[in-house]
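Below: the structure, in structure tokens.
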Amino acid sequence: MPAHAPVFRVAVDDHVMIAHSLPDEFFGPAQQLHGATLAITATFERVGLDEHGVVMDIGVATSLLGGVLDGLRYRNLDEHPDLSGKITTTEVVCQYVAEQVVQGLPDHHGLRALEIAADEHPQARASVRLELSP
């Protein structure tokens, strides 16, 4: 790669409807069981492009994200076996989704990073970025 290699990103979107409680006084009324719809964006990043001239196939990216979110859709996260004992803040949900997407990446993906962002509503969002070994 040249000294100033371009960094490319491709992002795909989906959403998930969940229920959860945030059982700590810190969260005020959100301690009670409530619903949320999270708009999720997965951003895949790499230095340069692959042999096909892309960061990764958008269809594969969409399927990866959708597959992970399918395990959360219309679920009470308080009862989800992978999230048991965790306070499922938006940040925690982002981390969980990111880790699950990374597990589903094909071998030799060539990616440098994955970012998962979740919009709770138009004025509030959280995200996590995982640095990857290409």
- Item | Gap separating the CG atom of L83 from the CG atom of N76, nearest 0.5 angstrom | 10.5 Å
- Note on the structure: Residues joined to V92 in its hydrophobic cluster, side chain to side chain under 4.5 Å directly or through other members, sorted by chain and number, are none
- Residue set satisfying salt bridge (Lys or Arg N to Asp or Glu O under 4.0 Å) with E45, at least two apart, ordered chain then number -> R9, R112, R129
- Query: What distance do H109 atom NE2 and F44 atom CZ have between them, rounded to the nearest 0.5 Å?
  - Reply: 10.5 Å
- Decide yes or no for L111 and M56: does some side-chain heavy atom of the first lie under 4.5 Å from some side-chain heavy atom of the second? yes
- Item | CD on Q95 to OG on S127, rounded to 0.5 Å | 12.0 Å
- Item | Pairs flagged by side-chain hydrogen bond (donor to acceptor under 3.5 Å, both in side chains) wherever residues 18-29 is involved - sequence neighbours left out | H20-H34, H20-T88, S21-D78
- Item | Pairs meeting criterion ring pair (Phe, Tyr, Trp, His ring centres under 6.0 Å) with involvement of residues 45-66, two or more places apart | none
- Item | side-chain hydrogen bond (donor to acceptor under 3.5 Å, both in side chains) against D13, all qualifying residues, sequence neighbours excluded | T41
- Message: My understanding is that a hydrophobic cluster links ILVMFWY residues whose side chain heavy atoms are under 4.5 Å apart, including indirect links. Using that, what else belongs to the cluster containing V54?
- Response: none
- To the nearest 0.5 angstrom, please state how far the CZ atom of R75 sits from the CG atom of L69. 13.0 Å
- L77 reachable from F27 in the ILVMFWY side-chain graph, under 4.5 Å edges: no
- When clusters are formed by joining ILVMFWY residues with side-chain heavy atoms under 4.5 Å apart, either directly or through shared neighbours, do L132 and F8 land in the same one? yes
- Between V93 and I87, is there a shared hydrophobic cluster once you connect ILVMFWY residues whose side-chain heavy atoms come closer than 4.5 Å? no
- Please report the C-alpha distance between V16 and T37 in whole Å, then the side-chain angles of each, then the deciding distance to 0.1 Å, and finally whether the side chain to side chain contact (heavy atoms under 4.5 Å, CB included) criterion is met. CA-CA 6 Å; V16 63; T37 300; over 6 Å; no
- For R125, what residues pass the salt bridge (Lys or Arg N to Asp or Glu O under 4.0 Å) criterion, not counting sequence neighbours? D119
- Message: The criterion is ring pair (Phe, Tyr, Trp, His ring centres under 6.0 Å); which residues satisfy it with Y96, sequence neighbours excluded?
- Response: H80
- Would you mind listing the cluster partners of Y74? Hydrophobic ones only (ILVMFWY), side-chain contacts under 4.5 Å, chaining allowed. M17
- Identify, with sequence neighbours excluded, every residue that meets salt bridge (Lys or Arg N to Asp or Glu O under 4.0 Å) alongside D70. R73
- Message: Tell me which pairs pass salt bridge (charged side-chain N to carboxylate O under 4.0 Å, His left out) where either residue lies in residues 84-109, with sequence neighbours left out.
- Response: none
- Nearest heavy-atom approach of C94 to A118 is SG-CB, 3.6 Å
- Flag yes if L22 and L72 sit in one hydrophobic cluster, no otherwise; membership is Ile, Leu, Val, Met, Phe, Trp, Tyr, and two members link when side-chain heavy atoms are under 4.5 Å apart. no
Pairs under 3.5 angstrom only: tabulate donor-acceptor contacts from the side chains of residues 57-68 to other protein residues two or more places apart or in another chain.
| unit_1 | atom_1 | unit_2 | atom_2 | d |
| --- | --- | --- | --- | --- |
| D57 | OD2 | G59 | N | 2.8 |
| D57 | OD2 | V60 | N | 2.8 |
| T62 | OG1 | I58 | O | 2.9 |
| S63 | OG | G59 | O | 3.1 |

- Query: Going hydrophobic residue to hydrophobic residue with side-chain gaps under 4.5 angstrom, can you get from L33 over to I18?
  - Reply: no
- Query: Are the side chain of Q100 and the backbone of V97 linked by a donor-acceptor contact shorter than 3.5 Å?
  - Reply: no
- Which heavy-atom pair separates L49 from V55 by the least distance, and what is that distance? CD2-N, 3.9 Å
